[in-house]
K.L.:
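Got a structure here, written out as structure tokens. Questions coming.
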Amino acid sequence: MTVPALNSAVKSLLTRAGVENPAGDTLEILCAVLHCSRTELILQNDDLPEEVTEKALAMARRRISGEPIQYILGSWSFMGRDYRVGEGVLIPRDDTEVVVTEALRLSENTPDPVIVDLCSGSGIIAVTLAKELPNATVYAVEKSDTAISYLTENIALNQANVRAIHADLRDCVSDFADGSLDMIVSNPPYIRSAEIADLQKEVQYEPRLALDGGEDGCDFYKMILSLWTSKLKGGGSIAFEIGEGQFDAIAAMLRTAAYTDINSTPDIQGIIRAVTAHNCSLS
């Protein structure tokens, strides 16, 4: 089978199965099995070994079953860097660029910021901040046994100066002195428990631990504000990724916890995706 014929076969399989982006996923699969870029793929018209054809078709069948393309490929790009991903870790999404961009903005005038990324998962936030802020001290806290392995691998893959902490955020808070942090950043679980079962099939593959934010989706925001606020320096910042429709509730929590300068930032669809604030304590 030639490359164009394989492209047609895979795309047809995905299209008939109702996969959301058959053309894009087909290109991802073919580039993966042929170890080439999309530009290089366009130029290929060779006959392929049977094992290559079978590998591509097997990946297509996995995609048809609902498995996310990111898990099938084993890696995904975020803000220009590659990360290892797979079953048991949250998939990097463009939504998270919003909170990372805000965290970078808030840190630009801090000479040597000390930052903790809570619920770090694959480490995309922590690694990006460490690479873009070379003078920063960045900690990444992750509870999951599976996710921590991806986190440490991605730190090494990107040669990032990030200190991984394998712990529940409730258990390691005492490791940090009061007033020691310039910033807390987090993309915590924020889906309401009752809504998990109605998520897209692809999202159902992702670990519930990384999705379930409790009855109102706000459990982790409450926990972080309650336990970690004292760890921020006076004037230190907090930056959360949030779910659609959660800004008002989280802004209210921030006000109650005596944060000021509460701001929202939308994603490209106009959905408020990040909330930032400053700690007004004098610690």
Side-chain angles (χ1 to χ4, degrees), residues 28 32 68-108 113-134 136-167 169 181-191 202-203 205-213 220-221 224 237-243 265-269 271 273-276:
E28 294 287 357
I69 188 68
Q70 295 88 345
Y71 285 1
I72 296 168
L73 299 175
S75 66
W76 201 247
S77 178
F78 177 80
M79 296 186 75
R81 297 182 179 89
D82 291 332
Y83 294 85
R84 292 282 297 159
V85 294
E87 188 173 351
V89 70
L90 196 68
I91 293 168
R93 288 181 170 84
D94 293 344
D95 295 342
T96 303
E97 290 188 20
V98 180
V99 73
V100 172
T101 300
E102 286 302 294
L104 290 171
R105 179 184 63 79
L106 290 166
S107 300
E108 61 188 4
V114 181
I115 302 169
V116 64
D117 172 25
L118 301 175
C119 307
S120 189
S122 63
I124 60 172
I125 293 177
V127 168
T128 304
L129 294 179
K131 298 298 285 187
E132 297 297 322
L133 302 167
T137 299
V138 181
Y139 298 91
V141 176
E142 176 53 49
K143 173 182 179 179
S144 162
D145 294 341
T146 303
I148 194 72
S149 67
Y150 285 104
L151 171 60
T152 54
E153 184 176 0
N154 287 324
I155 291 169
L157 176 66
N158 287 283
Q159 298 180 314
N161 183 21
V162 176
R163 306 177 191 186
I165 300 173
H166 185 193
L169 64 84
L181 300 175
D182 292 287
M183 176 177 288
I184 296 167
V185 61
S186 184
N187 175 19
Y190 56 68
I191 307 297
E202 289 83 357
V203 182
Y205 272 82
E206 297 181 75
R208 187 177 182 113
L209 184 67
L211 299 171
D212 193 341
F220 284 83
Y221 303 111
I224 291 168
S237 304
I238 198 159
F240 286 139
E241 179 174 330
I242 66 174
T265 307
D267 60 20
I268 59 173
Q269 296 179 310
I271 298 168
R273 191 58 65 185
V275 57
T276 59

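For clarity, every value in this text was computed on a predicted model and none was experimentally measured.
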K.L.:
What's the separation between atom CG in L118 and atom OH in Y139, rounded to the nearest 0.5 Å?
P.N.:
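Between L118 CG and Y139 OH, I get 13.0 Å after rounding to 0.5 Å.
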K.L.:
Please walk me through it: do R163 and T137 pass side chain to side chain contact (heavy atoms under 4.5 Å, CB included)?
P.N.:
CA-CA 8 Å; R163 306 177 191 186; T137 299; 3.8 Å; yes
K.L.:
Give every donor-acceptor pair under 3.5 Å between a side-chain atom in residues 142-150 and any protein atom, sequence neighbours left out.
P.N.:
{"residue": "E142", "atom": "OE1", "partner": "S120", "partner atom": "N", "Å": "3.4"}
{"residue": "E142", "atom": "OE1", "partner": "G121", "partner atom": "N", "Å": "2.7"}
{"residue": "E142", "atom": "OE2", "partner": "S144", "partner atom": "N", "Å": "2.9"}
{"residue": "K143", "atom": "NZ", "partner": "D168", "partner atom": "OD2", "Å": "3.4"}
{"residue": "S144", "atom": "OG", "partner": "T146", "partner atom": "N", "Å": "3.2"}
{"residue": "S144", "atom": "OG", "partner": "A147", "partner atom": "N", "Å": "3.0"}
{"residue": "D145", "atom": "OD1", "partner": "H166", "partner atom": "NE2", "Å": "2.9"}
{"residue": "S149", "atom": "OG", "partner": "T146", "partner atom": "O", "Å": "2.5"}

K.L.:
With rounding to the nearest 0.5 angstrom, report the OG to OH distance, S77 to Y83.
P.N.:
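Atom-to-atom, S77:OG and Y83:OH are 8.0 Å apart.
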K.L.:
Just how far is it from atom OG1 of T101 to atom CE of M79, taken to the nearest 0.5 Å?
P.N.:
4.0 Å
K.L.:
Which pair of heavy atoms, one from V85 and one from S122, lies closest together, and at what distance?
P.N.:
CG1-CB, 4.5 Å
K.L.:
Short question: side chain of D182, backbone of V114 - any donor-acceptor pair under 3.5 Å?
P.N.:
yes
K.L.:
Considering only heavy atoms from C-beta outward, does the side chain of L129 approach that of S107 to under 4.5 Å?
P.N.:
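They are not in side-chain contact.
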K.L.:
Could you tell me whether R105 and E108 make a salt bridge, using a distance below 4.0 angstrom between a side-chain N and a carboxylate O?
P.N.:
no
K.L.:
For L209 versus P189, what's the shortest heavy-atom pair and its separation?
P.N.:
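Heavy-atom minimum between the residues: O-CG, 3.2 Å.
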K.L.:
Are the side chains of V138 and N161 in touch, meaning some heavy atoms are under 4.5 Å apart?
P.N.:
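No, every pair of side-chain atoms sits at 4.5 Å or beyond.
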K.L.:
In Å and rounded to the nearest 0.5 Å, what is the CD to CG distance from E153 to L157?
P.N.:
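E153 atom CD to L157 atom CG measures 7.0 Å (nearest 0.5 Å).
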K.L.:
Any side-chain heavy atom of V100 sitting closer than 4.5 Å to one from F78?
P.N.:
yes
K.L.:
Does a salt bridge link R273 with E102, judged by any charged N lying under 4.0 Å from a carboxylate O?
P.N.:
no
K.L.:
Which atom names give the shortest non-hydrogen contact between A239 and T276, and what distance separates them?
P.N.:
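So the two residues come closest at CB-CG2, 3.9 Å.
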K.L.:
Between N158 (side chain) and D82 (backbone), is there a donor-acceptor pair under 3.5 Å?
P.N.:
yes
K.L.:
Using a 4.5 Å cut-off on heavy atoms from C-beta on, say whether the side chain of D117 contacts that of V162.
P.N.:
no
K.L.:
Determine all donor-acceptor pairs shorter than 3.5 Å in which one atom belongs to a side chain in residues 86-95; sequence neighbours excluded.
P.N.:
{"residue": "R93", "atom": "NH1", "partner": "I91", "partner atom": "O", "Å": "3.4"}
{"residue": "R93", "atom": "NH1", "partner": "E206", "partner atom": "OE1", "Å": "3.1"}
{"residue": "R93", "atom": "NH1", "partner": "E206", "partner atom": "OE2", "Å": "3.3"}
{"residue": "R93", "atom": "NH2", "partner": "E206", "partner atom": "OE2", "Å": "2.4"}

K.L.:
Under 30°, 30 to 60°, or over 60°: which ring-plane class applies to Y190 and Y221, parallel, tilted or perpendicular?
P.N.:
parallel
K.L.:
Kindly indicate whether the side chain of I124, heavy atoms from C-beta on, has any atom under 4.5 Å from the side chain of N187.
P.N.:
no
K.L.:
Side chain to side chain contact (heavy atoms under 4.5 Å, CB included) for F220 and L169? Distances and angles first, verdict last.
P.N.:
CA-CA 10 Å; F220 284 83; L169 64 84; 4.1 Å; yes
K.L.:
Kindly determine whether I191 and V203 satisfy side chain to side chain contact (heavy atoms under 4.5 Å, CB included), including the steps that lead there.
P.N.:
CA-CA 11 Å; I191 307 297; V203 182; over 6 Å; no
